[in-house]
Amino acid sequence: MRNPFLAGAAVVLTAAALAACGSSADGNGPEAAGAQRPAASGPSAPGPSATTSTPPETTGTPTAPATEEPGPAGPSAPGAAAQGPKTPAGEITPATGTFTEKQKKYLEDRVPQGMDPAAVLQTGQETCDKLRYLVKADRDTAVGAIATGEIKDAPAAVAGLCPQHQDLVDEAAYAYPDGTHTGKALRPGVYRSASPTLDCSWQIEGADGKELASGTSDTGESRKITIPKSARTFTSTGCYAWLPEGAKG
């Protein structure tokens, strides 16, 4: 089940992408490096689901105005985990113009041979654009999207292209997405749910499967739980992600 806020965000992102086609880019995008950004539809905004379900496509021309939301999306480029030979750092150049030093650093060991490096750069910039939009609307949702992996390669994009969002990545490292977490993955502390659905439930178990705490929520509002030191298993369903209260939970 997708969160209504994130479903709406997907529409806004798509509308902004279409409306911004042909417009000039800011200094952080591929155009600033002399590369043209292809006018094509890109990835939608993240939603509160631990699965890889594909959100429904929108039809027609959205009427939302183009504001500061992410610009036009382009063809998908492989992330840092893409396999195969990479273009040597000294050979990474755009079709026209030059890349900034920050952009060159981000592109190192990320551009498969034969691929336009501007497309890889654009993918990273789109990640930054999504975070910029989401953090303005709801910061917890932005952190949750990183924790669940719905905004892919966020740590690399943030480190290389938008370091102002490093605090989101740092907090996401201590969050729990929906699923079952056991052993050393458990960290005692107080956590709050980020963008939970109307069917959010959780359970905390200790040694020998003894239930220590459990609960459900059908309001869509954030809830707080405490994971004790005695916890051995934490399971969450429909809550999207649990974020730590404090820097490290």
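- Side-chain polar atoms of W242 and S236 form a donor-acceptor pair below 3.5 angstrom.
- Using a 4.5 Å heavy-atom threshold, the side chains of V190 and I225 count as separate.
- Geometrically, R187 engages Y176 in a cation-pi contact, judged by NZ or CZ lying under 6.0 Å from the ring centre and within 45° of the ring axis.
- Considering every non-hydrogen atom in both P117 and T93, the closest pair reads CG-O, 3.4 Å.
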- Working for side-chain contact (heavy atoms from CB on, under 4.5 Å), residues L198 and T219: CA-CA 6 Å; L198 298 179; T219 64; 5.7 Å; no
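- With values rounded to the nearest 0.5 angstrom, W202 atom CH2 is found 13.0 Å from T235 atom OG1.
- In this structure, the side chain of R223 does not engage the main chain of E221 through any donor-acceptor pair within 3.5 Å.
- Side chain of D153 to backbone of A156: no donor-acceptor contact under 3.5 angstrom is found.
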- E126/T123 under side-chain hydrogen bond (donor to acceptor under 3.5 Å, both in side chains): CA gap, chis, key distance, verdict: CA-CA 5 Å; E126 287 170 358; T123 298; 4.9 Å; no
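- Considering every non-hydrogen atom in both Q125 and L161, the closest pair reads N-CD1, 3.7 Å.
- Taking OG from S222 and CG from L243, the interatomic distance works out to 8.0 Å, rounded to the nearest 0.5 Å.
- For the pair T127/V158, no side-chain contact is recorded, criterion being any heavy-atom separation below 4.5 Å from C-beta on.
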- Determine, step by step, whether K86 and V111 satisfy the side-chain contact (heavy atoms from CB on, under 4.5 Å) criterion, reporting the C-alpha distance in whole Å, the side-chain angles of both residues, the deciding distance to 0.1 Å, and the verdict. CA-CA 5 Å; K86 303 294 192 299; V111 182; 5.9 Å; no
- Check the pair V120, M115 against side-chain contact (heavy atoms from CB on, under 4.5 Å), reporting the backbone distance first and the verdict last. CA-CA 8 Å; V120 179; M115 172 168 278; 3.6 Å; yes
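- Here K210 does not pair with E205 in a salt bridge; the nearest charged N to carboxylate O distance is not below 4.0 Å.
- The two residues C239 and S201 come nearest to each other via the heavy atoms SG-N, 3.4 Å.
- Summarising the geometry of P177 relative to A147, their closest heavy-atom pair is CG-O, 3.9 Å, with the distance given to 0.1 Å.
- In this structure, CG in L131 is found 6.0 Å from CG in L168, a value given to the nearest 0.5 Å.
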- Pair S195-D138, side-chain contact (heavy atoms from CB on, under 4.5 Å): steps then yes or no: CA-CA 9 Å; S195 298; D138 184 73; 4.0 Å; yes
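- When atom types are taken as modelled, the side chain of D178 and the backbone of G238 share a donor-acceptor pair closer than 3.5 angstrom.
- The shortest side-chain heavy-atom distance between I204 and S214 does not fall under the 4.5 Å cut-off.
- To the nearest 0.5 Å, atoms CD (Q122) and CG (D129) are separated by 9.5 Å.
- For the pair L134/I151, a side-chain contact is recorded, criterion being any heavy-atom separation below 4.5 Å from C-beta on.
- Between L121 and F99 the shortest side-chain heavy-atom distance falls below 4.5 Å.
- Side-chain contact between T87 and P112 is absent, with no heavy atoms from C-beta onward closer than 4.5 Å.
- Ionic pairing of R139 and E171 is present here: one or more N-O contacts between side-chain nitrogen and carboxylate oxygen are shorter than 4.0 angstrom.
- Here the CD atom belonging to Q203 is positioned 12.0 Å from the OG1 atom belonging to T216, to the nearest 0.5 angstrom.
- When all heavy atoms of P228 and L212 are compared, the closest pair comes out as CG-CD1, 3.9 Å.
- Minimum heavy-atom separation, A145 to T148: O-OG1, 3.3 Å.
- No hydrogens or angles considered: nothing links the side chains of T233 and T182 as a donor-acceptor pair under 3.5 Å.
- No side-chain heavy atom of D218 sits less than 4.5 Å from a side-chain heavy atom of D199.
- Looking at heavy atoms from C-beta onward, E245 lies in side-chain contact with K224 at the 4.5 angstrom threshold.
- Atom-to-atom distance recorded for K105:NZ and T100:OG1 is 13.0 Å, nearest 0.5 angstrom.
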